[in-house]
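Below: the structure, in structure tokens.
The model shown is predicted, which means the values in this text are computed figures rather than measured ones. Each chain gets a letter, A, B and so on, in the order its sequence line appears, and its residues count up from 1.
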There are 2 protein chains.
Amino acid sequence: MVTTPRTRVRNKRGEGAQLRDEIVDAAMALLEDGSPQNVTLRGIARRAGISAPSIYPHFPDLDSILLAVAQRAFGVLEQELGAPNETDPVERLRAICVAYLTFAERRPHQYRVMFGAVWDAGQALERAPAMADELAVLGMGAFEVFRRTLADCVAAGRSTSTDPFGDATALWVGLHGFAQLQVATPLFPWPPGLRDSIIDRMALLR
Amino acid sequence: MVTTPRTRVRNKRGEGAQLRDEIVDAAMALLEDGSPQNVTLRGIARRAGISAPSIYPHFPDLDSILLAVAQRAFGVLEQELGAPNETDPVERLRAICVAYLTFAERRPHQYRVMFGAVWDAGQALERAPAMADELAVLGMGAFEVFRRTLADCVAAGRSTSTDPFGDATALWVGLHGFAQLQVATPLFPWPPGLRDSIIDRMALLR
DNA sequence: GCGCGTAAGTTAACGCCTGTAAGTTCACAG
DNA sequence: CTGTGAACTTACAGGCGTTAACTTACGCGC
């Protein structure tokens, strides 16, 4: 994160691209601490300490900023998923699932940008496929962590899965649904232990 | 659905409440056929054939319209989930799951309003809890269909579930995640048969 | 040291949006 | 047939995304 001085000093010649990162910084910060209705192009500009049109040399529109945010957020997610280093593959898989849910819970708006962008599809509906493509590629890195760890469980004889790819997908679907619904309907009487039962069943742990 | 004449005839005295329904009609129609960026207060008013301020005697703001839309959409969902009348409880449960996914697939923007409202939380972030409350209550009707049918499966000895409520919740989570992710990342190489394996595992069918 | 081209920003302005305030029309009671 | 109030309109304030035109000042060539 780059600190933004109250009165911005103009970047030096040839260093204008620095502002691009500062814009993404500002957007991520805005998404982290709060009200999503402030996540506007002008709001991002205010946070970055620049005027709104100064964004356009770096991004063609708001959606592109959010795509860059999603890109960075997927990187953070992948890193956090890769952090657990339990030697036991099942415990490691559980820790990874917890890390996934924790990410979604602590950064709900970033998570939403990562997995809801195609819905929003701001102005450019025809560009939604391109965004979907980008996001699919980005997500694969994080997904690979699930697939690989589940394969480790199978190799250790701790999962009865015969299709680690398919079952990792099922696990991901379950975790995503859980993360999303808990935010969407927090007043639902969520049964305790649901998280682990989802993990056990999707990963076919025994 | 109420047809909206090109030149609106003013409602009679005491029948002003009819306009409320026409506004919700217009919003639902807008959400069904397309671009979500047209779902604005003014867009709804245009579609309904009235001026934007005419909405305010009936709804305090845009979010309230969307809440009314979600209300009606939950009613439609509940009805569609109740339609399958297979005698075999397992087949009925499968048909219900398919109906759920079909609803989400064919009305993605309505589905999004139903389960994404708390995220958006337009202007009134402090009203999000109230909306979440409303939506939780609304969703219970549809959820009950799952719980009841799963209980039927257990009674018929076709599911090993010992906690129909918890397992119906798990099933719902799985279906929601599947519906949501398929729209969000359509380019992911979705494995065939994923849907049924989610249903089987979450409902503990045998 | 000193122009000066050009990168790095700015201010101004357009059209659309939400939401408010004040005005207009018209059905019906008396 | 006239007044009243519900139903609806026009007009406006402030915010948004985006474009165009303008200003500032860095650093290269001389």
When the distance from [atom1] of [X] to [atom2] of [N] is rounded to whole Å, what number comes out?
X     : N      : atom1 : atom2 : value
A:R42 : D:dT18 : CZ    : C1'   : 9 Å
B:L30 : C:dC17 : CG    : P     : 11 Å
B:I65 : C:dG19 : CD1   : C1'   : 12 Å
B:Q18 : D:dA7  : CD    : P     : 11 Å
B:L62 : D:dG15 : CG    : C1'   : 15 Å
A:R10 : D:dT23 : CZ    : C1'   : 8 Å
A:D61 : D:dG17 : CG    : P     : 11 Å
A:I55 : D:dT19 : CD1   : P     : 13 Å

Item to check | B:R72 and B:D25 ion-paired at < 4.0 Å | outcome: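 Judged by the 4.0 Å cut-off on N to carboxylate O distance, B:R72 and B:D25 do form a salt bridge.
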
Next on the checklist: With heavy-atom distances below 4.5 Å as the criterion, would you say the side chains of B:L41 and B:F59 are in contact?
Outcome noted: no

Checklist entry - Are A:T169 and B:L194 close enough that some pair of their side-chain heavy atoms sits under 4.5 Å apart? => result yes

Should [X] be listed as having a side-chain N or O under 4.0 Å from OP1 or OP2 of [N]?
X     : N      : answer
B:T40 : C:dC16 : no
A:N11 : C:dA7  : no
B:S51 : D:dT10 : no
B:R46 : C:dC17 : yes

Next on the checklist: Students often get this wrong, so: under 4.0 angstrom with heavy atoms, is A:P53 touching a base, only sugar-phosphate, or nothing?
Outcome noted: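 Base contact.
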
Checklist entry - Once you round to the nearest 0.5 Å, how far does CE of B:M140 lie from CZ of B:F74? => result 11.5 Å

